[in-house]
Q: 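Here it is, the structure, as structure tokens.
All ligand and atom numbering here is 1-based and tracks the order in the structure. These numbers come from the heavy atoms of this one structure, side chains and all, not from hydrogens, waters or symmetry mates.
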Amino acid sequence: MAVKVYIIFYSMYGHIKTMAEAVKKGVESVEGVEATIYQVAETLPEEVLGKMHAPPKSDYPIIDPQTLPDADGFVFGFPTRFGMMAAQMKAFFDTTGGLWQKGALHGKPASMFTSTATQGGGQETTIMTAVTQLAHHGMIYVPTGFGAGSIMFGVQEPRGGSAWGAGTLAAPDGSRTPSEVELAQAEFMGKNLAGVAKKLKA
Ligand SMILES: Cc1cc2nc3c(=O)[nH]c(=O)nc-3n(C[C@H](O)[C@H](O)[C@H](O)COP(=O)(O)O)c2cc1C
């Protein structure tokens with residue numbers, strides 16, 4: 001039976017969505033592992049989204065928390081809000097209390113990625129503070145470390161991502177799109193997580 005990885009994201013302006021698609025490529029590069037992308041439900045009213053100049057949502061299905069136990073591994077993606085995960089993602093995690101009570105996600109591996117407007121804007125703290133969600137579920141946090149290789153060592157150009165997980169820099173006006181290096185780390189992260197999920201399932 002195929003190993004299933006769910007990629008679950010929140011994205012207001014599309015940067016995290018693009019990164020999620022790179023993660024999927026990485027997951028699918030591992031034989032016998034399937035990837036499905038989901039987004040979490042929006043919590044802001046249309047009027048507020050309009051004032052924030054948010055574009056329409058992508059077509060990815062909204063995750064139903066009750067289906068989480070069907071997955072063998074997860075990659076969660078969320079933009080930063082003041083150095084921590086966006087409230088929409090937190091609202092999603094808050095719906096998993098019933099699963100927590102049953103220990104339904106215990107032992108499942110998960111990686112995480114993020115997006116910030118700026119360098120020093122919370123690439124590391126956003127993922128670090130999100131580890132509490134995994135810890136309470138008894139999930140296994142799978143960081144990327146420096147496993148993506150030489151791309152992790154370059155300092156010639158600005159880049160998101162860290163040992164904690166992949167990341168992109170969106171720029172303060174949201175005009176920057178994920179760079180080749182950032183997408184490569186996202187792809188590596190998908191491959192890495194898929195490999196761990198496959199070994200654990202076996
Ligand atoms: C309320 C709010 C708080 C934010 N806080 C930060 C922050 O602490 N650091 C930062 O670099 N960017 C911050 N941003 C910018 C977002 O992280 C950025 O828009 C996002 O990473 C883009 O990802 P997306 O296109 O997937 O929505 C903030 C944005 C909003 C609306």
Q: Name all residues meeting the ring pair (Phe, Tyr, Trp, His ring centres under 6.0 Å) criterion together with F153; count only those two or more places apart in sequence or in a different chain, and write none if there are none.
A: F146
Q: Considering residues at least two apart in sequence or located in another chain, which fulfil the salt bridge (charged side-chain N to carboxylate O under 4.0 Å, His left out) criterion with K24?
A: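 Testing K24 for salt bridge (charged side-chain N to carboxylate O under 4.0 Å, His left out), a comparison that skips the adjacent residues, returns E28.
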Q: Determine, for E47 against K51, whether the closest basic-nitrogen to carboxylate-oxygen distance falls under 4.0 angstrom.
A: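 Result for this pair is yes, salt bridge flagged.
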Q: Grouping I, L, V, M, F, W and Y whenever their side-chain heavy atoms are under 4.5 Å apart, do W164 and F93 come out in a common cluster?
A: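 Yes; F93 is reachable from W164 via cluster members.
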Q: Judged by atom type as modelled, is there a donor-acceptor pair below 3.5 Å linking the side chain of E187 to the main-chain atoms of K25?
A: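 Between the backbone of K25 and the side chain of E187 there is no qualifying donor-acceptor contact (under 3.5 Å).
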Q: Go through the structure and list residues passing salt bridge (charged side-chain N to carboxylate O under 4.0 Å, His left out) with K90, not counting sequence neighbours.
A: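 Per chain and number, K90 pairs via salt bridge (charged side-chain N to carboxylate O under 4.0 Å, His left out) with D94.
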Q: List by chain and number: which residues place a heavy atom under 4.0 Å from ligand 1?
A: S11, M12, Y13, G14, H15, I16, M52, P79, T80, R81, F82, G83, S115, T116, A117, T118, G121, A170
